[in-house]
Colleague: 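Can you keep this structure in mind? I'll have questions shortly.
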Amino acid sequence: MTTVDDVRAVIPNADPEQVKKVLALKKKAWPYTFRAERDLVALRAKLEATFQPGEKGNAPGSKSTKRYKIAGRLASKRGSGGIAFLDVEGQDGKLQAILDKFEMGDAAFDAALHLLNAGDWVGIAGYGMRSKRGEPSIGAEKVTLLAKSLVPLIDLRTADNPELRYGKPYIGLMQGPDARRVLVQRARITQVVRQTLEKDGFLDVAIPVLEKVYGGANAKPFTTKSNAKDMTMYLRISHELALKKLLVGGLERVYHVGPAFRNEDIDTTHNPEFTLMECYAAYWDYNNMMRLTEKLFQKAVAAINGGSLQLKRPDGTILDFANFQTITMKDAIKSHSADTPDAVTWWTEHNKAPMGAGMAPGLDVDEMTDGDIQRILARHDVVIRGGYARGLGIAKLFEVFAEAKLMQPTFVIDHPKETTPLCKAHRKDPSLVERFELFIAGREHANSYSELNDPYAQAKAFSEQEARRFAGDDEAPPTDQDFVDALSHGMPPAGGLGIGIDRMVMTLLGLDSIKQVLPFPQMK
RNA sequence: GGGUGAUUGGCCUAGCUCGGUUAUGGCAGCGGACUUUUAAUCCGCUGGUCGGGGGUUCGAAUCCCUCAUCACCCGCCA
């Protein structure tokens, strides 16, 4: 015979009063199944349309005498003498159940109210009705405890404790349909991304998480050890190299949505593991990928925004996904550095234009010396690990002057070649590569290349990265000789695209922390 | 990596600056009242020794040391 003390010995937080109730139920305490309506929101709407306030479905000659069964978590219990109100909360919304002492009988009524507490899972069988105040309800004929909560329901409206909110995600999710909606909409977004890719003929392929060599991005990896092979292995930092090897093998359009791992610090936009979508299409370049990117975002926005491409943010600004902007990196630096003190200083030094106050055109990197760039970066305390290179300096100028200002969906194109070793040179300017990044709300959301498929150029790019590693850039990836070998067998021309799904969800839902879109975020 | 602040019953919280009789209030819980509530309301009750350890003192939630956990800011993360 189990006692309250037995339970408390292993579940110290358990409320003795609730444990007593469970033990008294004996074998009936934890039932196995319950058939119930799936959609309480729809049922609530239906009852509202069917009945007038105060009208009950068990009255003789009622419009609808249909019986219903509903189930959910008991969110609130309100007694008022011989009548009691239960808020039964399903995943997406709640429906009220009403217990009437005259109808149920004293014993059943008192027993049900005593047994149930907020937080319990409950099943209700009864008829449709509306309360005198008009609330659509189920008039309870039978009440079943489906599962007891042994600890009190925590109300985060008053208990704003981050340890509870993020350390125990179920506590946060229990707070109501709104708390769960983010995860529901996140699922919608990834579903739409997958559907859109599938429709365009992209094949969902399995790729390894554990790798002998990591690559495809600049990041510090997590390491682990394989006992079977007695060697250090790495958790992938991107999906890029594996997917491209499949292009070599003859798969023409491939994608993967899954986690990538980066051993870096945690903040509002970075989690050590995050969900990355990457896709590659043979015979495409970055222009084709821009069109695909637009489509992916437009379909996702439409899916969560009632079909509209004008997405209103919490601060009132409208993001217009109907019209994506395009700007080169150099032009972005120029237009967004206009009238900054740095631009005024530079133009004055070079005596390039008659200077009125606040009239400086932006920085024109093609006219700037390396010294000019380094001076300005130094003024902004920007350090380039592994040493200065002109292209990296230009990329830093973009970060300093332009990145945060790109609110509307904007493709920034044609980066300096030093920024990436995996991208084809620009067909019109060898100092650039055919790359774009999509910026929305000041954050990077997508990254795409006309993929480099010349094995010799790839090998050389790898050795330049190695040089940077030796010079102190601990995020420069090592050479992946296996990848060079793959390219030597011939990879078709291809476009590639990567999208950080967590950030995409954040932006589309108007949230400002990655913790809010992850059910299990890492805490610092 | 640096700095600041916090830790009081299941949850939130007062008290701590200028140490002193049985540690404040709310939510939840338990009991009672009420047949139409919407975080219902009203009355009563149970529950904590104040994050762990050490020290100062006649006496510490209140002062000191230490450990732990957490938060915030800065740095780092194209």
Side-chain angles (χ1 to χ4, degrees), chain A residues 8 11-21 53-54 56 75-87 89 94-104 106 109-110 113-114 116-119 129-137 139 149-168 171 174-176 217-220 237 262-272 274 329 377 381-386 389 391-400 402-403 412 415-416 418-420 435 437 439 443-444 447 468 473-476 523-524:
Chain A
R8 298 256 297 167
I11 310 169
N13 284 350
D15 177 348
E17 298 288 346
Q18 308 311 323
V19 176
K20 273 187 225 162
K21 296 176 188 176
K56 299 170 77 171
S76 159
K77 176 176 82 169
R78 300 177 295 277
S80 183
I83 194 163
F85 304 88
L86 307 182
D87 286 345
E89 194 175 276
K94 69 179 184 185
L95 180 59
Q96 178 171 273
I98 296 181
L99 278 58
D100 187 314
K101 201 167 193 170
F102 294 152
E103 294 184 11
M104 296 181 74
D106 287 12
F109 181 86
D110 291 341
L113 283 192
H114 174 256
L116 297 173
N117 295 86
M129 63 173 288
R130 284 177 71 184
S131 72
K132 282 182 187 169
R133 294 279 178 89
E135 182 67 29
S137 307
S149 170
L150 296 181
V151 298
L153 190 62
I154 292 173
D155 188 346
L156 289 188
R157 285 171 303 196
T158 55
D160 192 12
N161 181 337
E163 279 180 79
L164 288 174
R165 193 177 287 275
Y166 297 123
K168 299 182 176 183
I171 300 283
M174 275 195 274
Q175 300 305 311
N218 286 353
K220 294 172 217 162
I237 61 172
R262 298 187 182 177
N263 205 345
E264 291 161 357
D265 222 336
I266 300 162
D267 64 25
T268 51
T269 55
H270 297 82
N271 196 63
F274 61 101
M329 181 172 276
L377 291 179
D381 297 322
V382 174
V383 177
I384 299 178
R385 280 176 308 170
L392 296 179
I394 292 170
K396 289 285 185 190
L397 287 179
F398 169 78
E399 282 174 46
V400 168
E403 181 164 344
V412 173
H415 298 51
E418 295 92 330
T419 59
T420 166
R435 174 183 181 185
E437 291 176 290
F439 286 88
R443 284 197 289 260
E444 179 194 344
N447 187 18
R468 298 195 64 76
D473 183 351
D474 56 359
E475 291 191 357
M523 298 305 286
K524 228 170 176 175

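Quick note: numbers below take in every heavy atom, side chains included, and nothing from hydrogens, waters or symmetry partners. In the text below, chain A, chain B and the rest are named by the order of the sequence lines, each starting its count at 1.
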Colleague: Say we look at B/G25 and B/C70: how far apart would their P atoms be, to the nearest angstrom?
Modeller: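 Result for the P pair: 32 Å, nearest Å.
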Colleague: Starting at the 5' end of RNA chain B, which residue's closest nucleotide do you reach first, A/G79 or A/K101?
Modeller: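 Result: A/K101.
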Colleague: Could you state the NE2-C1' distance from A/H270 to B/G75, rounded to the nearest angstrom?
Modeller: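 Rounding to the nearest Å, NE2 of A/H270 and C1' of B/G75 are 14 Å apart.
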Colleague: Quote, to the nearest angstrom, the P distance that separates B/A61 from B/U49.
Modeller: 12 Å
Colleague: Taking only side-chain nitrogens and oxygens of A/N13, does any of them come within less than 4.0 Å of OP1 or OP2 of B/G9?
Modeller: no
Colleague: Provide, to the nearest angstrom, the distance between the CG atom belonging to A/N263 and the P atom belonging to B/G1.
Modeller: 13 Å
Colleague: Just compare B/U38, B/G10, B/C30 and give me whichever is closest to any side-chain atom of A/R78.
Modeller: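 From the listed options, B/U38 comes nearest.
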Colleague: Can you tell me how far C1' of B/A40 sits from CG of A/D87, to the nearest Å?
Modeller: 11 Å
Colleague: Using whole Å, report how far NZ of A/K77 lies from C1' of B/C27.
Modeller: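 Going from NZ in A/K77 over to C1' in B/C27 covers 15 Å.
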Colleague: With both distances under 3.5 Å as the test, what is the Watson-Crick or G-U wobble partner of B/A39?
Modeller: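 In the structure as shown, B/A39 has no Watson-Crick or wobble partner.
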Colleague: Roughly how many Å apart are B/C77 and B/A68, using the C1' atom of each and rounding to a whole number?
Modeller: 28 Å
Colleague: Quickly work out the A/Q175 CD to B/C27 P distance and round it to whole Å.
Modeller: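 It is 18 Å, rounded to the nearest whole Å.
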Colleague: Under 4.0 Å, counting only non-hydrogen atoms across every strand here, what does A/E17 touch: a base, just sugar-phosphate, or nothing?
Modeller: sugar-phosphate
Colleague: Over how many whole Å does the gap from A/L153 atom CG to B/C12 atom P extend?
Modeller: 14 Å
Colleague: Has A/K396 got a side-chain atom pairing as donor or acceptor with A/V382's backbone, closer than 3.5 angstrom?
Modeller: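 Flag not set: sc A/K396 to bb A/V382 has no pair under 3.5 Å.
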Colleague: On a whole-Å scale, what distance lies between the C1' atoms belonging to B/A14 and B/U24?
Modeller: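 Taking atom C1' in both B/A14 and B/U24, they lie 5 Å apart.
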Colleague: Closer than 4.0 Å, any side-chain N/O of A/Q18 to the OP1 or OP2 of B/C30?
Modeller: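 Affirmative; the distance criterion is met.
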Colleague: What integer number of Å spans the C1' atoms of B/G15 and B/A60?
Modeller: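 Looking at atom C1' only, B/G15 and B/A60 are 13 Å apart.
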Colleague: With a 3.5 Å cut-off and no angle check, do the side chains of A/R78 and A/S80 form a donor-acceptor pair?
Modeller: no
Colleague: Would you find a donor on one side and an acceptor on the other, under 3.5 Å apart, between the side chain of A/K94 and the backbone of A/G176?
Modeller: no
Colleague: Reckon A/D15 touches a base, only the sugar-phosphate, or nothing at all at heavy-atom distances under 4.0 Å?
Modeller: sugar-phosphate
Colleague: Using purine N1 to pyrimidine N3 plus N6-O4 or O6-N4 for Watson-Crick, or N1-O2 and O6-N3 for G-U wobble, both under 3.5 Å, which nucleotide pairs with B/G44?
Modeller: B/C30
Colleague: In whole angstroms, how far is the P atom of B/G32 from the NE2 atom of A/H114?
Modeller: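 Going from NE2 in A/H114 over to P in B/G32 covers 9 Å.
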Colleague: Using the P atom in both, what is the distance from B/C27 to B/A39, to the nearest Å?
Modeller: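 About 15 Å, rounded to a whole number of Å.
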Colleague: When all nucleic acid strands are considered with a 4.0 Å heavy-atom cut-off, which category describes A/E437: base, sugar-phosphate, or nothing?
Modeller: nothing
Colleague: Rounding to the closest angstrom, what is the interatomic distance between B/C30 and B/U17 at atom P?
Modeller: 39 Å
Colleague: Would the distance check show the side chain of A/E103 and the main-chain N or O of A/L99 forming a donor-acceptor pair, the cut-off being under 3.5 Å?
Modeller: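 Not at all, since once roles are kept as given, no pair shorter than 3.5 Å links the two residues.
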Colleague: Quick check on B/A28: is either OP1 or OP2 less than 4.0 Å from any side-chain nitrogen or oxygen of A/N117?
Modeller: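 No, because none of the side-chain N or O atoms of A/N117 sits under 4.0 Å from OP1 or OP2 of B/A28.
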Colleague: Taking any strand in view, what nucleotide pairs with B/G5 in a Watson-Crick or G-U wobble way, both distances under 3.5 Å?
Modeller: B/C70
Colleague: Does a side-chain N or O of A/K21 approach OP1 or OP2 of B/C30 to a distance below 4.0 Å, or not?
Modeller: yes
Colleague: Looking at every strand, decide which applies to A/K94 at a 4.0 Å heavy-atom threshold: base, sugar-phosphate, or nothing.
Modeller: nothing
Colleague: May I ask you to decide if A/R130's main-chain N or O and A/Q96's side chain share a donor-acceptor pair within less than 3.5 Å?
Modeller: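 The answer is no, because no donor-acceptor pair under 3.5 Å joins these two groups.
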Colleague: Considering only the P atoms, how many Å lie between B/C16 and B/U7, rounded to the nearest integer?
Modeller: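 Between the two P atoms, the distance is 13 Å.
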Colleague: Under a 4.0 Å threshold between the charged nitrogen and the carboxylate oxygen, would A/E418 count as salt-bridged to A/R468?
Modeller: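 Answer for the salt bridge query: no.
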Colleague: With nearest nucleotides of RNA chain B determined for A/P152 and A/R130 from heavy-atom distances, which residue corresponds to the more 5′ nucleotide?
Modeller: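 Nearest-nucleotide comparison on RNA chain B picks A/P152.
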Colleague: What is the distance from CD of A/E135 to P of B/A39, rounded to the nearest Å?
Modeller: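 So the two atoms are 10 Å apart, to the nearest Å.
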Colleague: B/C77 phosphate, OP1 or OP2: any side-chain N/O from A/T269 under 4.0 angstrom?
Modeller: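 Looking at the OP1 and OP2 atoms of B/C77, neither is under 4.0 Å from any side-chain N or O of A/T269.
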Colleague: Looking just at side-chain N and O atoms, do A/R435 and A/T420 make a donor-acceptor pair shorter than 3.5 Å?
Modeller: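 Note: A/R435 and A/T420 side chains miss the donor-acceptor criterion.
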Colleague: Describe the nucleic acid contact of A/S80 in one word from base, sugar-phosphate, nothing, applying a heavy-atom distance below 4.0 Å.
Modeller: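 Result for A/S80 = base.
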Colleague: Choose from B/A40, B/G29, B/C77 the nucleotide whose nearest atom is closest to any side-chain atom of A/S76.
Modeller: B/A40
